[in-house]
Amino acid sequence: MTQHKERLIVIGAGMAGGRIVEEILKRANSSEKRGTRFEISIIGAESLPTYDRIQLSPVLAGEKTFDQIVTHSQDWYDANGVKTHFGYWVQAIDRAMKEVVLHDGQRIGYDKIILATGSDPIRLPLPGADLSGVVAFRDLHDVDAMQAAAESGGEAVVIGGGLLGLEAAYGLAKRGMKATVIHLVDVLMERQLDEAAGRLLEKALEERGVASILNAQSEAILGETHVEGLKLKDGRVIPCSLLVMAVGIRPHVEPAKSARLAVERGIVVDDQMRTDDPDIFAVGECVQHRGQCYGLVAPIWDMCRTLADVLTGKNPDAAFIGTSLATRLKVSGVDLYSAGQFGGGEGCEDIVFRDPGRGVYKRIVIKDDRLVGAVLFGEAADGGWYFDLMKKGEDIAPIRDTLIFGQAVTSALAGADPSDAVAAWPDDTEVCGCNGVSKGQVVASICAGNDTLDKVRGHCKASASCGSCTGIVESLLKVTLGDAFKAQSGPKPVCKCTDHGHAHVRKAIVDLELKTIPDVMQALKWATPDGCSSCRPALNYYLLCAWPREYKDDPRSRFVNERNHANIQKDGTYSVVPRMWGGLTSAKELRAIADVVDKYDLPMVKVTGGQRLDLFGVKKEQLPHVWADLNAAGMVSGHAYAKALRTVKTCVGSEWCRFGTQDSTGLGVKLEQASWGSWMPHKFKMAVSGCPRNCAEATIKDFGVVCVDSGYELHVGGNGGIHVRATDLLTKVATEAEAIDWSMAFVQLYREDAWYLERTAPWIERVGLDFVKSALSDDAARAALKARFLESQAVFQTDPWAELNPQSEPARVFSPLADLRPQKELAE
């Protein structure tokens with residue numbers, strides 16, 4: 001007899017929503033009634049899987065990709081039998097019918113609901129707040145908008161000198177914008193820092209390209225259709241082409257209000273996270289518990305654990321009692337820590353350490369021989385230790401004299417090894433505040449066979465977010481494994497599935513003639529049976545490069561953009577970029593593009609930085625039809641989605657420009673026609689400038705040509721992105737044919753030697769320019785590299801849309817699934 005499952009709907013697919021599903025499944029999977037209790041559905045307004053919002057700042061700064069911050073992927077939900085409704089939002093909760101009503105009219109029945117609706121960014125009601133270019137900083141959509149604005153450079157203003165505002169400003173500065181923070185009070189992050197640390201932070205940010213204007217009140221946002229500046233109360237105008245509001249958040253309570261649940265500042269819950277409806281619960285930033293709302297992850301993880309215990313019956317009497325301590329925080333690019341009652345108060349004493357020369361400031365606050373607060377700047381490694389002393393309320397009188405110098409000094413002067421102190425921590429000591437992982441959980445993960453830092457991160461998530469607890473996790477590895485512990489050294493593994501580095505894997509594929517992904521995993525003793533999202537794309541590329549004739553590309557090992565040959569956008573539609581050789585186009589091509597825009601009612605056409613046109617708003621099922629029309633006009637895919645040649649940027653050169661020394665446009669076209677199509681470790685950009693004035697910006701491209709009177713200077717390893725890197729001069733040649741030959745040889749050397757997802761700039765910095773010059777300077781070696789490149793081109797230089805005409809069998813994957821419900825059900 002089939003046991004009836006309770007229908008559990010989680011509304012909100014953010015960090016709290018994903019975490020509560022994970023906690024429930026964890027308890028179900030560890031019980032005797034494995035996974036039999038709930039039929040879980042999760043609803044998220046974003047058309048994306050669950051990701052770590054805390055890590056949006058590194059994504060904005062270019063330090064991480066979106067894939068790296070996904071905590072619960074679509075595959076994870078599918079594997080655990082969780083039904084997902086991403087890209088949907090809740091219109092109403094019908095408590096009488098026990099149904100959730102989605103915005104498109106769908107009604108989903110429930111037995112229990114968990115509200116995890118999070119919070120909304122506060123937008124100041126300033127004149128001009130609705131102008132284009134005014135954004136918040138809350139989700140990936142906001143990050144996309146800021147990154148798009150940063151591509152054009154210019155000036156950015158961020159209103160709000162709290163953590164989010166500073167993260168936004170830092171990320172924009174790293175992307176090349178001039179960033180200015182406007183803050184209402186006279187100290188940055190005044191809720192977390194004292195005045196001394198605030199001043200140090202202001203100086204540190206200034207050194208990183210972020211200016212601060214304090215004691216400043218915003219009056220109006222200026223501009224007609226797009227933001228042009230911010231006017232302050234004192235009359236000053238700060239020019240900007242992007243304005244970010246980062247002034248706080250408020251709980252998102254509309255679904256709860258629509259259901260007539262008790263709502264004050266947040267959704268009112270009891271100690272078991274239950275609302276005033278016994279079948280509706282709530283967790284996360286949307287919650288108000290005992291009069292308090294929380295915006296930090298540590299208490300939210302406690303809420304999720306409590307509710308999972310209650311719902312699964314593991315501990316029906318579990319209770320969330322809140323937290324009175326602030327938690328850790330981290331500003332990207334700055335070593336900073338703050339926790340507890342850092343401002344002091346009656347009965348408190350301060351111990352302060354300053355080293356202006358090194359930019360180090362430490363202040364700890366003591367009350368009744370207990371540590372109650374800490375602010376650390378410049379050296380924050382001991383933050384976790386101080387935090388634990390605060391949480392446990394330990395008597396610090398015996399170590400007061402050395403406390404300010406940190407755990408290592410304190411332990412050493414007491415004759416103890418700091419690692420022994422970590423070993424003595426109780427199992428419930430929190431190690432990772434970002435993910436709520438205790439010492440006991442880390443040790444259990446290590447004992448289960450996760451004997452490296454990366455494996456621990458992958459298993460229990462400790463140290464997987466901000467990284468501030470990495471030292472503690474490594475100490476736990478050392479004390480748990482003893483002599484078996486091996487510190488991370490040598491080449492970094494491809495991923496957590498293997499101990500082998502990229503270079504070893506590439507060499508093994510060639511030496512052992514491994515020609516399929518299963519062959520590689522078998523020969524190199526992969527730890528997982530089918531790899532992961534990190535290693536499969538890498539192996540797929542390495543095999544394509546090594547065996548272009550024998551190996552068959554594996555679409556499952558590609559990201560969605562490469563599978564669909566187009567760039568997916570935040571609303572689920574795609575953008576299409578047809579190739580324009582060397583930036584040239586014609587009336588015929590422009591007419592074809594205009595006809596496609598009209599025919600498919602596309603909302604936007606954008607001129608890209610690579611001298612092409614980008615068509616936005618194409619639905620997935622329209623892609624074969626759009627490309628059939630573009631192919632008919634002779635246009636092929638621009639590979640804007642691919643780890644391959646993107647563009648060859650040119651100036652008009654000697655044909656039109658009075659300063660041009662050579663035909664830069666003609667050479668650019670020939671380079672692009674010779675090099676497009678083959679897969680590479682990362683995206684690859686070229687440029688040809690007709691003279692040293694360098695209008696095509698050839699000296700910040702992967703391969704750049706600067707034309708001079710006597711021939712062509714060849715430059716390599718440039719990058720105009722987040723970490724701007726000027727090229728290195730590779731060589732100088734006399735003829736156009738030589739320039740093309742050297743470009744092919746260089747591309748093939750990069751293809752064969754670099755690691756997957758390694759751009760030419762970090763590759764050259766890793767291997768050295770001398771290695772590149774040596775490998776290419778010998779005529780025979782250079783000719784051999786060119787020959788191997790042409791061999792690859794013979795296989796892969798094809799337009800992926802040529803065989804995907806709308807009537808072809810492969811094109812059916814782009815068609816929407818048929819609705820197979822009975823006609824009676826559809827009518828209802």
Yes or no on side chain to side chain donor-acceptor pair (under 3.5 Å) for Asp52 and Thr71, after CA distance, side-chain angles and deciding distance? CA-CA 6 Å; Asp52 185 349; Thr71 59; over 6 Å; no
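- Remark: Leu48 pairs with Glu46, Tyr51, Phe66, Leu140 by the side-chain contact (heavy atoms from CB on, under 4.5 Å) rule, at least two apart or across chains.
- Contact of the Ile267 side chain with the Leu115 side chain is registered, since non-hydrogen atoms from C-beta on lie closer than 4.5 Å.
- The residues Lys98 and Asp279 are annotated as salt-bridged, a charged nitrogen and a carboxylate oxygen being separated by less than 4.0 angstrom.
- Between His103 and Tyr88, the ring center distance clears the sub-6.0 Å criterion.
- No hydrogens or angles considered: a donor-acceptor pair under 3.5 Å links the side chains of Asn561 and Asn567.
- If you check the side chains of Thr573 and Asp571, you find a donor sitting under 3.5 Å from an acceptor.
- Remark: the Ser119 side chain and the His252 side chain contain no N/O donor-acceptor pair separated by less than 3.5 Å.
- Leu8 has its side chain within reach of Ile24: a pair of non-hydrogen atoms, C-beta onward, lies under 4.5 Å apart.
- No salt bridge links Lys257 with Glu254; every basic N to acidic carboxylate O contact stays at or beyond 4.0 Å.
- Side-chain contact between Val443 and Asp427 is absent, with no heavy-atom pair separated by less than 4.5 Å.
- Tyr641 and Ala566 make their closest contact through CD2-N, 3.5 Å (heavy atoms, listed as atom of the first residue, atom of the second, distance).
- At a threshold of 4.0 Å, the pair Arg290-Asp271 counts as salt-bridged, since one of the basic side-chain nitrogens sits closer than that to a carboxylate oxygen.
- The closest side-chain donor-acceptor pair between Arg19 and Thr50, if any, does not fall under 3.5 angstrom.
- No hydrogens or angles considered: a donor-acceptor pair under 3.5 Å links the side chains of Ser557 and Arg536.
- When side chains are defined from C-beta on, Ile159 counts as touching Leu243, because their heavy atoms get closer than 4.5 Å.
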Ser338/Gln192 under side chain to side chain donor-acceptor pair (under 3.5 Å): CA gap, chis, key distance, verdict: CA-CA 6 Å; Ser338 168; Gln192 292 87 17; over 6 Å; no
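- A salt bridge links Arg274 and Asp270; the closest N-O separation between the charged side-chain nitrogens and carboxylate oxygens is under 4.0 Å.
- Side-chain contact of Gln106 with Asp104: a donor-acceptor pair under 3.5 Å is present, judged by distance alone.
- A 4.5 Å side-chain heavy-atom check between Ile300 and Met15 finds every atom pair outside the cut-off.
- Taking the six-membered ring where tryptophan is involved, the planes of His72 and Tyr77 are tilted, since the angle between them lies from 30° to 60°.
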